[in-house]
J.: 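This is the structure, below, for whatever I ask next.
What's counted below: heavy atoms across the whole structure, side chains too, no hydrogens, waters or symmetry copies.
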Amino acid sequence: MRVFETKSIEQTRKRAAELAKELKKGSVIGFLGDLGAGKTAFTGGFVEGLGIDADVSSPTFAICNDYIGSENRVLHYDMYRIESWEDLYSTGFFDSLESDAYILVEWSENVFGALPDDAVIIKIEKLGENERRFTVMNKNEAEQLS
C-alpha cells in the first residue's frame, strides 16, 4: 500500500503520469472516491503519462471513453449507473479485460466483484479544494478496508 498527497490538479496529473509508467499494459485500475474527488483528473494525467494526446473527460454518459495512442490504449469506464451484471455485460467491460489496454474504472465499488484479482485500487480522498490523498493498493487490501 502506498499513500501520497497532492496540493493541486497539476500535481495530481503528474503523480498519475508517473504511475502510468510503472504499470504494465493490460493493468486494471479501480477508483474509489466521491463525486469531484479527482478521478477524471487522475485519468488525464495517466493518459498523458502513456504518451496519448487526448482530451480526457468523464465517461458518465458514454459509459466508456477510449483513448488511443501510437503505443498504448486506455479504456476509461464510469460504472456509476451500473446496477446489475446484465448492465455490466452490456458495457463491453469483460471483452476489454482480454485486451492489452489499460482499463481505468470510476465508481469501481459498483463492479468490485468483476475486477480482476490483480487490479490496482486507488482510493481518493478530498482534503481541501484541490488537495487530495491517494491510497494505492491491491484489491485484497481494498477489500480489508471496507
Side-chain angles (χ1 to χ4, degrees), residues 1-6 9-127 132-146:
M1 185 177 312
R2 287 190 288 175
V3 178
F4 63 88
E5 294 180 4
T6 61
I9 293 171
E10 294 76 23
Q11 283 184 352
T12 294
R13 292 175 63 89
K14 182 179 180 203
R15 292 303 299 262
E18 292 168 358
L19 181 63
K21 294 171 185 169
E22 294 176 21
L23 299 178
K24 66 180 175 29
K25 284 187 177 186
S27 292
V28 176
I29 298 97
F31 294 109
L32 304 173
D34 294 333
L35 191 65
K39 300 177 289 287
T40 301
F42 193 94
T43 299
F46 192 94
V47 166
E48 188 176 299
L50 294 174
I52 300 172
D53 183 22
D55 291 326
V56 173
S57 62
S58 177
T60 301
F61 298 104
I63 305 291
C64 181
N65 289 339
D66 193 353
Y67 307 112
I68 302 172
S70 60
E71 296 180 28
N72 295 298
R73 179 180 183 195
V74 173
L75 295 170
H76 180 201
Y77 283 92
D78 184 319
M79 300 299 188
Y80 184 75
R81 297 180 302 169
I82 301 302
E83 297 178 355
S84 67
W85 283 98
E86 186 176 296
D87 288 348
L88 184 57
Y89 275 106
S90 73
T91 68
F93 177 76
F94 292 106
D95 292 331
S96 68
L97 292 174
E98 297 176 18
S99 73
D100 68 349
Y102 294 86
I103 301 169
L104 280 67
V105 183
E106 296 192 21
W107 302 103
S108 66
E109 57 270 33
N110 291 352
V111 297
F112 202 82
L115 298 177
D117 290 339
D118 64 349
V120 174
I121 307 299
I122 302 176
K123 180 180 179 184
I124 308 173
E125 299 169 89
K126 292 189 228 179
L127 303 177
R132 302 290 186 265
R133 176 180 298 123
F134 296 86
T135 305
V136 181
M137 61 197 121
N138 63 42
K139 186 178 176 185
N140 185 49
E141 290 169 325
E143 286 175 318
Q144 293 175 10
L145 286 181
S146 48

J.: Are more than 12 heavy atoms from other residues, nucleotides or ligands located less than 6.0 Å from atom CD of E22?
T.: yes
J.: Are R15 and F4 in a cation-pi setup, meaning NZ or CZ lies under 6.0 angstrom from the ring centre and within 45 degrees of the ring axis?
T.: yes
J.: Would you call D78 and S58 a side-chain contact if the rule is heavy atoms closer than 4.5 Å?
T.: yes
J.: Run the side-chain hydrogen bond (donor to acceptor under 3.5 Å, both in side chains) test on Y67 and T43 for me, step by step, so that the C-alpha distance in whole Å, both residues' side-chain angles and the decisive distance to 0.1 Å come before the verdict.
T.: CA-CA 11 Å; Y67 307 112; T43 299; over 6 Å; no
J.: Would S57 and N65 satisfy side-chain contact (heavy atoms from CB on, under 4.5 Å), going step by step from the backbone distance to the final call?
T.: CA-CA 8 Å; S57 62; N65 289 339; 3.6 Å; yes
J.: Quick check for you: to the nearest 0.5 Å, what is the distance between I103 atom CD1 and L75 atom CG?
T.: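 One finds 6.0 Å between CD1 of I103 and CG of L75.
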J.: Of the non-hydrogen atoms in G49 and A17, which two are nearest, and what is the gap between them?
T.: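 For G49 versus A17, the nearest heavy atoms are CA-CB, 3.6 Å.
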J.: Decide yes or no for T12 and F134: does some side-chain heavy atom of the first lie under 4.5 Å from some side-chain heavy atom of the second?
T.: yes
J.: Report the C-alpha distance between R2 and L19 in whole Å, list the side-chain angles of each, state the deciding distance to 0.1 Å, and finish with yes or no for side-chain contact (heavy atoms from CB on, under 4.5 Å).
T.: CA-CA 11 Å; R2 287 190 288 175; L19 181 63; 3.3 Å; yes
J.: Counting only heavy atoms not in D100, do more than 12 sit closer than 6.0 Å to its CG atom?
T.: yes
J.: Is any side-chain heavy atom of F112 less than 4.5 Å from a side-chain heavy atom of K139?
T.: yes
J.: Given L115 and I121, is the side-chain contact (heavy atoms from CB on, under 4.5 Å) satisfied, shown in steps?
T.: CA-CA 10 Å; L115 298 177; I121 307 299; 3.8 Å; yes
J.: Can you check whether T135 reaches E125 side chain to side chain, under 4.5 Å on heavy atoms?
T.: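 Yes; the side chains approach each other to less than 4.5 Å.
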J.: Closest approach of L32 and S108, non-hydrogen atoms and distance?
T.: CD2-OG, 3.5 Å
J.: Could you give me the CA-CA distance, side-chain angles and deciding distance for E71 and L50, then say whether side-chain contact (heavy atoms from CB on, under 4.5 Å) is met?
T.: CA-CA 8 Å; E71 296 180 28; L50 294 174; over 6 Å; no
J.: Using modelled atom types only, decide if a donor and an acceptor are shared between the side chain of D34 and the backbone of A37 within a distance under 3.5 Å.
T.: no
J.: Parallel, tilted or perpendicular: which one describes the rings of F93 and Y77, with boundaries at 30° and 60°?
T.: perpendicular
J.: With rounding to the nearest 0.5 angstrom, report the CZ to OG1 distance, R13 to T6.
T.: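 Nearest 0.5 Å value for the CZ-OG1 distance: 12.0 Å.
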J.: Classify the angle between the aromatic ring planes of Y102 and F46 as parallel (below 30°), tilted (30 to 60°) or perpendicular (above 60°).
T.: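 The rings of Y102 and F46 stand perpendicular, inter-plane angle above 60°.
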J.: Can you confirm whether K39 sits close enough to I124 that some side-chain heavy atom of one is under 4.5 Å from a side-chain heavy atom of the other?
T.: yes
J.: Does a side-chain heavy-atom distance below 4.5 Å link K126 with R132?
T.: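 Result yes, sub-4.5 Å side-chain heavy-atom pair found.
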J.: Distance from I82 atom CD1 to S90 atom OG, nearest 0.5 Å?
T.: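 Answer rounded to 0.5 Å: 5.5 Å.
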J.: Roughly how far apart are R73 CZ and K25 NZ, rounded to 0.5 Å?
T.: 11.5 Å
J.: Could you tell me whether the side chain of E98 and the main chain of D95 form a donor-acceptor pair under 3.5 Å?
T.: no
J.: Under 4.5 Å between any side-chain heavy atoms of V120 and S27, yes or no?
T.: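 Sidechains of S27 and V120: no contact.
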J.: Tell me whether the count of non-hydrogen atoms from other residues, nucleotides or ligands lying under 6.0 Å of CD1 in I9 goes above 12.
T.: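 12 or below, so no.
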J.: Roughly how far, to the nearest 0.5 Å, is CZ of F31 from CD of E109?
T.: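 It is 12.0 Å, given to the nearest 0.5 Å.
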J.: To the nearest 0.5 Å, how far apart are CD1 in I122 and CD in E106?
T.: 11.5 Å
J.: Is the shortest heavy-atom distance from the side chain of L88 to the side chain of M79 under 4.5 Å?
T.: yes
